[in-house]
Amino acid sequence: MSWILPVLVAWAFLALPGYVMLRALDVQVSLRWGWAPAVTVILAVLLSTFFSLFGIPWHPLTVVACVTILAAVAVLLRRLHRRRQPGQHRSGQPPRTGDPLRNPTAHVVTSGGVVLAGLAVVASSSRRMGGIETLQGGYDAFFHLSAIAFIRDSGDAGLTTALTPIYGEPTFYPVMFDALAALLPFSTVTSANAMVLAVLAALPAAVAAMVASVLGPHRALPVAVTAGALASTLFLSTPAMALVMGLWPTVLGVLCLPVALASALHLADDPRRTVGVWPALGHLAVIVGAALAHPAVFFSVAVAAGMALLVRGSQRIVQRDDVRRGIVQLTLALLSACAAVALSATMLNGMNMTGPSPLPLRDVLRQILVDSPRIPVIGDPIWPVAVVMLLAVIGAVAGARHREPTTLTAGVGTLVCLGLSLATELPGALSAALVNPWYGARERIAPLLMCMLVILAARGVLAVVALSRARRRRAQAILAPLALGALLVTVAVALIVPQRLPLMGSLAYTAYGVHLAPYDTQQERDFIERTAAELPADAVVLADPRDGATLYWSIGGVTTVFPTLATPQTSDSRMLAAWYMSADEDERVCAAYQRLHPTHLYRDTSEHSGVALNPEASAPWDGLREIPDSLLTPVAGEGPYALYELEAPC
């Protein structure tokens with residue numbers, strides 16, 4: 001249970017700033033906790049940019065102080081505005097009436113169900129992680145551990161400046177996950193793991209907020225919202241990206257995606273009322289927050305917005321209801337789609353970096369439908385999503401019968417997501433252009449598919465509840481309890497079954513051999529931590545980063561020439577990596593040595609060394625393995641791990 005306190009603290013930094021600002025601005029949305037992370041990202045971007053410009057350190061105290069000041073200013077401005085316009089409703093909109101979630105009992109029950117869903121995901125995911133301090137052994141995790149350490153060391157969390165020590169120059173990167181994790185008062189590894197679990201815990205609340213926003217007031221809305229939150233726990237691509245692949249900024253973007261989709265659907269065309277200026281700005285801010293968490297999320301939101309315009313425009317034309325506006329919407333949707341494909345084919349060319357599956361296309365489609373990620377040990381049984389799919393079909397039919405724009409958009413969006421997911425497996429320039437924004441990985445498209453299916457399933461819940469209340473036949477009366485009971489049982493079983501979340505929680509933490517080989521074993525980590533503590537403050541460690549040496553920086557706090565597993569980023573680091581070529585003759589290499597001044601060399605000759613695991617990927621550092629022994633003085637050694645003092649070669 002060592003994960004409870006770190007995850008709670010991580011969740012507080014993830015959600016509380018956004019929640020406080022929503023309350024301070026008196027934003028009228030249901031389930032503010034679901035909207036809060038996207039607002040937190042916006043605050044983090046604004047504050048990190050301001051801090052970077054004025055030299056203010058990115059630190060928990062400075063962040064908390066500034067959020068408090070901003071909230072106080074927001075409250076003051078809101079009260080002044082209300083005094084000047086006493087007749088206007090506090091939110092700038094007509095009061096929301098008939099919202100069942102405003103009933104205290106319904107609100108408590110719904111919130112309780114959402115919280116329990118999040119806690120269940122965390123409990124199941126962490127069951128085989130080996131503890132909150134266990135190192136994630138994946139490639140991307142090593143990068144983000146170093147990023148967190150750099151932000152803590154420099155106090156700079158700016159979008160373009162935070163990772164300057166890694167890239168050698170200011171470079172844009174979606175660093176907000178790392179920035180938020182850097183605020184936690186724990187070790188680098190514990191902070192990263194805690195933030196990952198907090199993001200997974202918060203996702204059911206975000207899905208619930210989306211459902212509540214897009215379905216509008218219904219008597220059975222609390223039931224549908226809770227069902228949507230529970231259904232979100234059955235999809236595996238997001239936890240796979242978090243727990244196995246280490247794509248942590250992407251997962252933060254996925255957390256912001258549901259409410260960003262809700263905002264996009266409102267902005268595209270809200271059939272219930274005209275969106276006012278301030279609410280429209282708020283929706284845009286949420287979308288921007290999601291995009292800043294990870295830019296790939298923006299394309300998912302754009303797809304949903306395009307589908308909303310397409311559906312609503314077509315409806316208006318067919319029904320002859322404001323035909324001119326319908327034509328504009330339809331034209332805008334089609335032009336935007338063409339522009340997006342053209343942009344992807346040119347500016348994003350080459351981002352399709354994910355290879356196709358070796359399985360037949362029929363099997364791939366099955367995996368897409370059940371949301372089974374491309375991890376061989378993760379199965380693709382139908383039963384976890386069978387109830388969700390059935391409810392989604394019912395919801396699609398009910399929405400089509402009543403010509404509901406949101407439900408129709410979700411239905412069309414589901415088909416589009418399936419097409420995009422299949423395009424990741426198809427060759428050709430057009431297929432690549434369609435999936436470039438998601439790096440050609442269907443796991444990155446899957447969250448959008450999940451949201452579309454959950455909206456349909458929640459609408460299906462409303463339909464079966466309405467049918468049960470009619471009670472025309474006894475079979476109809478028990479339909480809703482039967483459907484909801486089946487969903488509850490499915491969720492309970494899916495969270496317990498060891499082949500799902502518990503297995504994913506182990507693959508990159510404790511069961512490396514099942515999925516990947518670790519860049520660092522526990523024995524090597526212990527050696528690195530111990531020797532790092534004994535090195536002088538001005539030490540600089542040189543090593544192949546794929547030997548686990550990045551931990552000298554991210555965990556031990558010792559400067560390293562290569563702090564991430566990425567290929568050498570600067571000309572100096574490239575010269576040192578190719579040391580053997582002409583280190584004793586080439587003045588440029590000697591100058592690079594003088595500028596970077598490595599003092600120690602670390603070597604790993606185990607079966608988990610970079611050259612043993614993947615010689616091709618480790619080739620950029622081949623020169624380090626040719627450094628002559630005459631320049632090395634042993635400092636510490638344990639089995640295949642050794643640390644040497646390095647003598648200047650020139």
Side-chain angles (χ1 to χ4, degrees), residues 6-25 27 29-48 63-64 67 70-71 111 114-115 117-119 121-122 157 159 174-184 191-192 194-213 225 228-229 232-233 238-239 241-242 247-264 282-298 300-301 447-448 450-451 454:
V7 172
L8 283 176
V9 175
W11 176 84
F13 277 97
L14 175 68
L16 270 179
Y19 182 82
V20 168
M21 289 305 299
L22 288 171
R23 290 299 298 263
L25 294 170
V27 177
V29 291
S30 298
L31 298 173
R32 288 191 179 99
W33 290 116
W35 295 81
V39 180
T40 295
V41 171
I42 300 168
L43 286 173
V45 170
L46 293 175
L47 290 179
S48 63
V63 171
V64 170
V67 170
L70 288 174
S111 299
V114 169
V115 170
L119 290 176
V121 168
V122 172
L159 283 174
V175 76
M176 283 304 106
F177 176 92
D178 307 315
L180 292 174
L183 297 175
L184 304 186
S191 298
M195 188 58 70
V196 168
L197 292 174
V199 170
L200 293 178
L203 185 57
V207 171
M210 172 191 70
V211 172
S213 177
V225 168
S232 70
T233 66
T238 298
M241 289 189 289
L247 303 176
W248 296 336
T250 300
V251 178
L252 178 61
V254 171
L255 173 60
C256 300
L257 174 63
V259 292
L261 290 176
S263 291
H283 287 311
L284 286 173
V286 169
I287 295 172
V288 170
L292 292 174
H294 196 282
V297 175
F298 173 78
S300 296
V301 176
L448 177 59
M450 175 196 73
C451 290
V454 167

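If you read the sequence from its start, that first residue is 1, and numbering goes on from there.
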Atom pair [atom1] ([X]) and [atom2] ([Y]), whose distance is rounded to the nearest 0.5 Å:
{"X": "Ile42", "Y": "Leu47", "atom1": "CD1", "atom2": "CG", "result": "11.5 Å"}
{"X": "Leu197", "Y": "Leu8", "atom1": "CG", "atom2": "CG", "result": "11.0 Å"}
{"X": "Met176", "Y": "Leu252", "atom1": "CE", "atom2": "CG", "result": "9.5 Å"}
{"X": "Leu70", "Y": "Leu25", "atom1": "CG", "atom2": "CG", "result": "10.0 Å"}
{"X": "Thr250", "Y": "Phe177", "atom1": "OG1", "atom2": "CZ", "result": "10.5 Å"}
{"X": "Leu261", "Y": "Ser300", "atom1": "CG", "atom2": "OG", "result": "7.5 Å"}

Locate the shortest heavy-atom distance separating [X] from [Y]; write the atom from each residue and the value.
{"X": "Leu203", "Y": "Pro258", "value": "CD1-CG, 4.3 Å"}
{"X": "Val114", "Y": "Pro204", "value": "CG1-C, 3.9 Å"}
{"X": "Val207", "Y": "Met450", "value": "CG2-CE, 4.1 Å"}
{"X": "Ser111", "Y": "Leu31", "value": "OG-CD2, 3.9 Å"}
{"X": "Ala24", "Y": "Ala71", "value": "CB-O, 3.6 Å"}
{"X": "Ala242", "Y": "Val196", "value": "CB-CG1, 3.8 Å"}

Indicate yes or no: at least one non-hydrogen side-chain atom of [X] is less than 4.5 angstrom from one of [Y].
{"X": "Pro17", "Y": "Val39", "answer": "no"}
{"X": "Leu159", "Y": "Val45", "answer": "yes"}
{"X": "Val41", "Y": "Cys256", "answer": "yes"}
{"X": "Thr238", "Y": "Leu200", "answer": "yes"}

side-chain contact (heavy atoms from CB on, under 4.5 Å) between Leu180 and Leu14, intermediate numbers included: CA-CA 7 Å; Leu180 292 174; Leu14 175 68; 4.1 Å; yes
Geometric class of the Trp33/Tyr19 ring pair [parallel <30°, tilted 30-60°, perpendicular >60°]: parallel
So for atom CZ, which belongs to Phe298, do other residues, nucleotides or ligands contribute more than 12 heavy atoms lying within a distance under 6.0 Å? no
Could you give me the CA-CA distance, side-chain angles and deciding distance for Leu284 and Ser263, then say whether side-chain contact (heavy atoms from CB on, under 4.5 Å) is met? CA-CA 7 Å; Leu284 286 173; Ser263 291; over 6 Å; no
Does [X] use its side chain to pair, donor to acceptor, with the backbone of [Y] at less than 3.5 Å?
{"X": "Ser213", "Y": "Met210", "answer": "no"}
{"X": "Trp35", "Y": "Ala206", "answer": "no"}
{"X": "Arg32", "Y": "Val27", "answer": "yes"}

